[in-house]
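Note that the coordinates shown come from a computational prediction; the quantities given were computed from them, not determined experimentally. Note on naming: letters A, B, ... go to the chains in the order of the sequence lines (proteins, then strands), and numbering restarts at 1 for each one. FYI, side chains are in, hydrogens and waters are out, and symmetry mates aren't considered; it's all heavy atoms of this structure.
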Protein chains: 2
Amino acid sequence: MRFETSTIKDIAKALGLSTSTVSRALRDRYEISEETKKLVLAYAEKVNYRANPIARSLKERRSYSIGIIVSEIANNFFSQVINGIESIAYDKDYHVIISQSHESYKQEKLNVEHLASRSIDGLLIALSSETQDIDYLRSLYAKGLPIVFFDRVPEDFETHKVIANNFKGSFDATEHLILSGKRTIAHLTNSENLSITKERLEGYKAALLKYHIEFKPELVKYCQHGGMHSAELEQAVKELLPLQPDGIFISSDRLTTGCIMALKKTNPEVADKIAIAGFTNSNLVELFSPSLTSVKQPAFEMGQVATELLISMIEAKRPVTEFETKVLDTELVKKR
Amino acid sequence: MRFETSTIKDIAKALGLSTSTVSRALRDRYEISEETKKLVLAYAEKVNYRANPIARSLKERRSYSIGIIVSEIANNFFSQVINGIESIAYDKDYHVIISQSHESYKQEKLNVEHLASRSIDGLLIALSSETQDIDYLRSLYAKGLPIVFFDRVPEDFETHKVIANNFKGSFDATEHLILSGKRTIAHLTNSENLSITKERLEGYKAALLKYHIEFKPELVKYCQHGGMHSAELEQAVKELLPLQPDGIFISSDRLTTGCIMALKKTNPEVADKIAIAGFTNSNLVELFSPSLTSVKQPAFEMGQVATELLISMIEAKRPVTEFETKVLDTELVKKR
DNA sequence: AACGTTTTTGGGAACGTTTGCACACTTTTT
DNA sequence: AAAAAGTGTGCAAACGTTCCCAAAAACGTT
């Protein structure tokens with residue numbers, strides 16, 4: 001804001017003190033006498049003094065802001081994560097800057113670099129489904145930018161990570177389909193390079209194995225763009241249907257809704273004959289038709305944990321070398 | 001970021017120039033010779049110089065950032081607005097800071113004040129459904145903070161505003177219900193103090209009038225918390241059903257989905273007997289059961305227009321005194 | 001050759017903080 | 001009574017920019 005506001009200097013002048021004394025009084029430092037502190041605090045209150053965060057940032061060489069990259073905020077999973085992030089960040093006096101990659105590598109890189117040049121103190125990121133090359137993140141990290149990954153994490157990057165128990169979530173969902181009598185279960189999933197894709201595929205395979213159902217690679221369809229293009233989804237559905245699946249396990253929020261949409265659009269007659277189980281944090285799932293079984297991730301908590309880890313890195317006095325990967329349990333919400 | 005990065009000073013020293021010359025060369029000012037410019041630019045490129053936006057902000061007394069307040073990002077209408085805002089803002093080199101009020105006045109005020117103290121250059125805001133008192137905005141505005149309202153706008157506040165054609169949108173939706181044979185049409189709406197509530201009520205009334213249907217106040221139910229509490233919605237539905245409506249016109253995104261949810265939960269037997277038309281920008285509306293007719297707002301465009309107006313205020317050399325209220329048309333998507 | 005113009009560059013203050021250091025004054029210790 | 005220790009405050013530099021003002025260099029004109 002460009003409008004005038006009182007500064008430490010003003011207070012100092014008004015009270016006949018030096019700026020250093022005022023600054024120290026405001027930050028409640030031990031060197032300052034109680035008397036002076038009271039005086040300063042009272043006057044600051046009176047003139048409604050607000051510290052200028054920009055000046056502070058410049059001096060301290062940090063911005064008290066953290067960057068967030070998600071593919072889309074219009075996705076309940078991510079917006080819940082963001083809520084979790086904010087709940088912790090605001091508490092600790094950080095503010096957050098949100099950017100969307102829209103599942104595009106180019107956009108993701110651009111946004112990260114924009115954020116970095118905006119002097120964020122740390123970065124929370126879920127990779128886009130297109131992303132393969134994370135060297136640009138590595139180099140930022142090497143220069144000292146703390147990074148914590150969540151949800152979609154790279155394998156070969158030593159830092160804190162927070163993920164859902166994707167294996168178990170997928171296993172449970174697939175098992176649920178099997179137990180309700182399905183035998184030809186397709187798997188619709190994200191781009192192959194995402195961590196979640198691999199983990200969820202393993203869970204799916206494990207459930208099949210447990211019930212002695214043969215794993216057929218042709219029943220697995222990958223979507224490079226994570227369901228951002230409806231054409232991609234319709235194509236996948238079109239290829240899947242001839243194999244006559246009686247169930248589909250879908251591995252992400254966007255894909256789950258997109259797949260049902262594609263199914264209804266292209267083959268409405270079979271749409272409610274196929275049982276669907278999918279990852280989604282949509283709070284509208286009860287309204288969907290056909291209804292489905294959903295795997296809900298602890299999104300809010302994921303945001304909180306990731307933020308705590310990030311802030312601990314930011315505020316660490318010495319470089320952090322011990323990293324954790326936190327794994328949070330999912331919840332299976334059965335079709336009603 | 002705390003890590004070392006080259007500054008203007010470094011460049012100056014390396015090239016044997018003064019900081020002022022380097023600064024001017026980088027900003028391509030006319031005073032500097034082509035030769036020097038080339039030299040500086042090349043070197044800057046080589047050391048990957050990035051201007052420090054914090055220092056720039058401090059000097060120029062502006063932050064190149066704009067604040068956004070919406071009730072919830074997990075709402076397609078708002079997330080689309082945000083996408084519109086970003087599309088313009090990034091173009092003009094502003095970044096955005098998003099805050100959520102969660103329909104709470106207290107939270108809204110807190111967030112605005114937090115943003116203001118973070119030195120935003122301007123504010124884009126859609127009021128929370130609880131908000132009645134906007135004096136805190138007035139005082140910020142008086143101190144020089146440019147503000148543009150969108151969607152939920154106050155009546156008595158002289159600044160730019162961007163809204164949908166709520167009257168027409170409501171009229172169309174209500175007329176659609178009437179034309180499909182409904183005669184007892186309830187209206188479920190937001191808190192009475194919102195601008196959109198009033199405008200949409202008028203559209204509803206006008207449609208009834210046109211078809212000579214008596215307006216019955218008892219068919220109108222207000223939700224103070226905008227559907228944030230499911231109890232509130234269930235209560236409204238409970239009070240409405242005894243009046244045996246054959247159609248419901250619902251005036252906002254959150255309420256529309258919430259109402260269908262409440263209907264299905266408390267009275268599943270009537271849920272698909274009542275025709276529903278409601279404002280919503282959900283992109284999942286095709287999946288809903290019962291299906292509904294929806295009024296879609298031009299959310300993306302609304303964000304764009306609001307941002308353009310805001311930036312024009314921010315960059316105006318002299319105080320703006322002529323304000324516009326832009327009205328954008330809605331789109332009726334009929335139930336299939 | 002001396003002067004005025006124009007073009008290009010540099011010095012240094014300022015934006016609002018924080019903080020190392022020095023200083024003055026009290027109080028305690030020997 | 002002098003030295004040491006403790007307490008409270010102020011000075012000034014620094015963070016990385018921008019920009020006013022002056023100075024230097026280059027050029028043209030008589």
**OP:** For the pair B:Ser23 (side chain) and B:Ser20 (backbone), establish whether a donor and an acceptor sit closer than 3.5 Å, ignoring hydrogens and angles.
**Re:** no
Original post:
Can you name the side-chain contact (heavy atoms from CB on, under 4.5 Å) partners of A:Arg56, sequence neighbours left out?
Top reply: A:Arg27, A:Glu60, A:Tyr64
Original post:
Which is true for B:Ser23 with a 4.0 Å heavy-atom rule: it touches a base, it touches only sugar-phosphate, or it touches nothing?
Top reply: base
**OP:** Round to a whole Å and report the spacing from CD of B:Glu35 to C1' of D:dA26.
**Re:** 13 Å
Original post:
B:Tyr30 side chain N/O closer than 4.0 Å to the phosphate oxygens (OP1, OP2) of C:dT9?
Top reply: no
Review item, side-chain donor-acceptor pairs of residues 42-52 of chain B, under 3.5 Å, at least two apart:
unit_1	atom_1	unit_2	atom_2	d
B:Asn52	OD1	B:Ile54	N	2.7
B:Asn52	OD1	B:Ala55	N	3.1

Only pairs under 3.5 Å count here: list side-chain donor-acceptor contacts from residues 76-89 of chain A, not counting sequence neighbours, and write none if there are none.
unit_1	atom_1	unit_2	atom_2	d
A:Asn76	OD1	A:Asn283	ND2	3.4
A:Ser79	OG	A:Asn75	O	3.3
A:Ser79	OG	A:Asn76	O	3.3
A:Gln80	OE1	A:Asn281	ND2	2.8
A:Gln80	NE2	A:Asn281	O	3.2
A:Asn83	OD1	B:Gln100	NE2	2.6
A:Glu86	OE1	B:Gln100	NE2	3.4
A:Ser87	OG	A:Gly84	O	2.8
A:Ser87	OG	A:Gln304	NE2	3.2

Original post:
Is a donor on one side and an acceptor on the other found under 3.5 Å between the side chain of B:His160 and the backbone of B:Glu324?
Top reply: yes
**OP:** Taking A:Ser71 for its side chain and A:His102 for its backbone only, find out whether a donor-acceptor pair lies under 3.5 Å.
**Re:** no
Original post:
Side-chain N or O of B:Arg56 less than 4.0 angstrom from OP1 or OP2 on D:dG16?
Top reply: no
Subject >> Length of the line joining A:Lys9:NZ and C:dT17:P, which is rounded to integer Å >> reply: 9 Å
Subject >> Side-chain donor or acceptor of B:His95 paired with backbone N/O of B:Ser65 under 3.5 Å >> reply: no
Polar atom pairs (N or O), protein with nucleotides 23-25 of chain C, under 3.5 Å:
none

Subject >> Length of the CZ-P vector between A:Arg61 and D:dA14, whole Å >> reply: 12 Å
Original post:
Between atom CD1 in A:Ile54 and atom C1' in D:dT18, what is the gap in whole Å?
Top reply: 15 Å
Original post:
Counting N and O atoms only, with roles assigned by atom type, does the side chain of A:Lys38 sit under 3.5 Å from a partner on the main chain of A:Ser33, one being a donor and the other an acceptor?
Top reply: no
Original post:
Partner of C:dA22 by Watson-Crick or G-U wobble geometry, both contacts under 3.5 Å, or none?
Top reply: D:dT9
**OP:** Figure out the CG/P separation between B:Leu15 and C:dT8, and round it to whole Å.
**Re:** 17 Å
Subject >> Whole angstrom value for the distance that separates C1' of C:dT9 from CZ of B:Arg29 >> reply: 14 Å
Original post:
Which whole-number value in Å describes the distance from B:Leu58 CG to D:dC15 P?
Top reply: 14 Å
Subject >> Interatomic distance, B:Lys13 NZ vs D:dG16 P [rounded to whole Å] >> reply: 11 Å
Please produce a list of atom pairs where a protein N or O lies less than 3.5 Å from an N or O of nucleotides 9-13 of chain D.
unit_1	atom_1	unit_2	atom_2	d
D:dT9	OP1	A:Thr36	OG1	2.8
D:dT9	OP2	A:Ser33	N	3.3
D:dT9	OP2	A:Ser33	OG	3.3
D:dT9	OP2	A:Thr36	OG1	3.0
D:dG10	OP2	A:Ser18	N	2.9
D:dG10	OP2	A:Ser18	OG	3.2
D:dG10	OP2	A:Thr21	OG1	2.6
D:dG10	N7	A:Arg24	NH2	3.4
D:dG10	O6	A:Arg24	NH2	2.6
D:dC11	N4	A:Ser20	OG	2.7

For residues 124-136 of chain B, run the donor-acceptor check on the side chains, cut-off 3.5 Å, and write out each pair with its distance to 0.1 Å, sequence neighbours left out.
unit_1	atom_1	unit_2	atom_2	d
B:Ser128	OG	B:Glu130	N	3.1
B:Ser128	OG	B:Thr131	N	3.2
B:Ser128	OG	B:Thr131	OG1	2.8
B:Ser129	OG	B:Glu103	OE1	3.3
B:Ser129	OG	B:Gln224	O	3.2
B:Glu130	OE1	B:Tyr105	N	3.1
B:Thr131	OG1	B:Glu108	OE1	3.0
B:Thr131	OG1	B:Glu108	OE2	3.0
B:Gln132	OE1	B:Asn193	ND2	3.2
B:Asp133	OD1	B:Asp135	N	2.9
B:Asp135	OD1	B:Arg138	NE	3.4
B:Tyr136	OH	B:Glu108	OE2	2.6

